[in-house]
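Just so you know, these numbers come straight off a predicted model, no measurement behind them. Remember, it's 1-based here, ligands and their atoms both numbered in the order they're listed.
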Amino acid sequence: MWRGLMATCKKCGKVSQEIAGILSLCAQCIRKADSASLAELGQIHARSRESFGLPGRPPAGPNGVACGLCRNQCTIPVGGHGYCGVRKNINGHLKGGMAEGAVVSWYYDPLPTNCVADWVCAAGSDAGYPKWSYQPGPEKGYVNLAVFYEACSFDCLFCQNWHYRQRSITGRTHTAVELAESVTPSTSCICFFGGDPTCQLPHALAASRLARKQNSQRILRICWETNGSMNPKLLDKMMSLSLESGGCVKFDLKARDANIHYALCGVSNTRTLENFAAAARRVPERPQPPPLVASTLLVPGYVDAQEANAIASFIAELDPNIPYALLGFHGDFLMTDLPPTSWKHAESCLEAAKAAGLKRVRLGNVHILR
Ligand code: SF4
Ligand code: SF4
Ligand code: SF4
Ligand SMILES: [Zn+2]
C-alpha cells in the first residue's frame, strides 16, 4: 500500500516520492553510477536474497559444476545452489529444473485472459483464425494452462510474484509428464511464466513437446513470458515451439540503460537484449499472430520516458511491427514506497515509444494508473 513517503537520493540530495528508499538513488545518479555505487547496489540485492536462503550472487568458485541454463553461468559447489536456488549440485551432479522434476505449479485461466499479449495473440484477437485459433476474436469457452515456475534468474526489487522465492529451494516438484497430462480438451494455450521459466527450461521444453504430441490433431499454442536471460540455444527451441504452434514469446524488457537494469533487477540486461534481437530475426518465419511481443513495467522515477524511448528504439531498429505493451506499476516486494504509475508518466512513455518508430504500442494495466 502506497503511503506517499518521500526518499532522498544520497548522491545528489534530490527528495522525491519517486525515489525508492531501498536504493536511495535517483535515476540520473544511477545512470552515471561509478563502480563503488554499482558495488553498493549489488550488496542491496545480495542482502535481500540471503533472507530467502538464496545465494547473494551467482556462485563462481573454481571447484563447482557449471550450469549454462542462463546468463548467470553459475559454477555451483558440491552441496550448493545456483543463483536461482532451484539448480543444485548433489555429489557433483547438477539437479533441478529437468523433465523428472521442476518446482512448478499450474492453474487454468479462462480465455480471454489478462495476458500481456492478448491484444495481438490468437486467443484474444482476430489474428491467426482459423489455423491457430478456434474462434475469430476472443476464444471464449477455452482455457489457458498457466504454468508458474517457482524460481528466477533475476532479482527485481519490485517483483510482483516475489513469494516464489520462499519455494525455489524447497518447493514441491512435478514431472514434465504430470504437467503435459494436465492439458484438458478445452486447453488451447499453455503459458510458461513464474518467477521465470528460464532456470527450469529443460522441464518446460519437455512438457511442451509431450503436450503437443498428445494433442497433435488440434490447436495447442505454446507461449512464454520471460526476462529473456536464458541460454540462446534454449531460446531457439522456445521460439521453434511457439512458431510451429501459433504461440509467442513475450519478453519483459525492464530497462535499456545497463545501470538502471542492474539497480532494479540485480543482473545485467546484455543477454536479454542479445536474445531479443535473435528472436526478432525469426519473426519473418510466421509474422502473424506475432511470435515475439515485448513489454515494460513503468516503474515511477526509474523507467521513465527516456527509458521507454531507448527500449522502443532498440525494438524498432529490429522490427517496428513488434508489439510493445507499457504496463502500469503498483508497489510490491521491496518497492512498496513507490507510487503507482501516473497517467502522465504512462502517456509520456507511450508518446516516447511511438516517437521511436514502433507501430504497435499500447498501455496495459490502465486500471491501476494514478
Ligand atoms: S539456471 Fe541460471 S541462475 Fe540457475 S544455476 Fe543455472 S546459471 Fe545459475
Ligand atoms: S498464452 Fe499465448 S495464446 Fe494464450 S492468451 Fe497468452 S499470448 Fe494469447
Ligand atoms: S524477472 Fe520477473 S519473476 Fe524474476 S525477479 Fe524479476 S519480476 Fe520477479
Ligand atoms: Zn540523485
Side-chain angles (χ1 to χ4, degrees), residues 7-16 18-19 23-33 37 54-55 57-60 64-76 80-89 94-98 109-125 127-128 132-134 138-139 142-147 149 151-155 168 187-193 195-202 219-225 227 229-231 234 242 245-250 267 271 289-293 295 301 323 325:
T8 306
C9 174
K10 60 191 173 197
K11 281 275 177 210
C12 71
K14 181 179 169 186
V15 178
S16 169
E18 299 196 346
I19 293 174
L23 294 175
S24 294
L25 285 173
C26 72
Q28 291 314 328
C29 290
I30 290 174
R31 285 187 175 108
K32 45 186 200 217
S37 296
L54 294 165
R57 292 191 169 72
V65 178
C67 172
L69 288 184
C70 85
R71 65 83 52 208
N72 291 329
Q73 304 193 146
C74 303
T75 309
I76 310 174
H81 295 268
Y83 186 77
C84 57
V86 82
R87 300 272 288 151
K88 39 193 165 278
N89 180 337
L94 285 192
K95 304 276 182 191
M98 310 304 279
D109 199 7
L111 292 169
T113 182
N114 180 29
C115 178
V116 71
D118 62 356
W119 54 299
V120 289
C121 78
S125 75
W132 306 116
S133 160
Y134 292 101
E139 211 175 32
Y142 289 85
V143 296
N144 167 34
L145 179 60
V147 183
Y149 282 99
C152 189
S153 49
F154 278 10
D155 184 59
S168 302
T187 303
S188 65
C189 48
I190 306 178
C191 183
F192 296 99
F193 74 117
D196 204 283
T198 291
C199 311
Q200 306 191 77
L201 271 173
I219 294 165
L220 180 61
R221 297 175 300 270
I222 305 293
C223 298
W224 315 81
E225 212 170 292
N227 62 33
S229 63
M230 68 288 295
N231 182 310
L234 298 177
S242 292
S245 68
C248 61
V249 182
K250 298 166 272 184
V267 172
R271 173 73 62 82
L292 179 63
V293 176
S295 64

Checking heavy atoms under 4.0 Å, the part of R71 that sits near ligand 1 is neither
Proximity to ligand 1 by part of C74, non-hydrogen separation under 4.0 Å: both
So, T198 versus S153: side-chain donor-acceptor pair below 3.5 Å or not? no
Answer with yes or no whether C248 contacts ligand 2, where contact means a heavy atom under 4.0 Å from a ligand atom. yes
Looking at ligand 2, is there an atom of it that comes within less than 4.0 Å of some heavy atom belonging to K250? yes
Over all atoms of both residues, closest heavy-atom pair of [X] and [Y]:
{"X": "I76", "Y": "N89", "answer": "O-ND2, 2.8 Å"}
{"X": "C199", "Y": "C152", "answer": "SG-C, 3.7 Å"}
{"X": "R221", "Y": "A123", "answer": "NH2-CB, 3.4 Å"}

List every atom of ligand 1 that sits less than 4.0 Å from any heavy atom of [X], numbering the atoms from 1 in the order shown and giving each element.
{"X": "L69", "answer": "1 (S)"}
{"X": "Q73", "answer": "7 (S)"}
{"X": "G82", "answer": "5 (S)"}
{"X": "C199", "answer": "1 (S)"}
{"X": "N72", "answer": "3 (S)"}

Which heavy atom of the protein is the closest neighbour of [atom], given with residue, atom name and distance?
{"atom": "atom 3 (S) of ligand 2", "result": "R221 NE, 3.2 Å"}
{"atom": "atom 2 (Fe) of ligand 2", "result": "C223 SG, 2.3 Å"}
{"atom": "atom 6 (Fe) of ligand 2", "result": "C115 SG, 2.5 Å"}
{"atom": "atom 4 (Fe) of ligand 2", "result": "C189 SG, 2.5 Å"}
{"atom": "atom 8 (Fe) of ligand 2", "result": "C121 SG, 2.3 Å"}

Report yes if some heavy atom in the side chain of T8 is under 4.5 Å from a heavy atom in the side chain of I19; otherwise report no. no
Touching ligand 1 at all, I76? Heavy atoms, strictly under 4.0 Å? yes
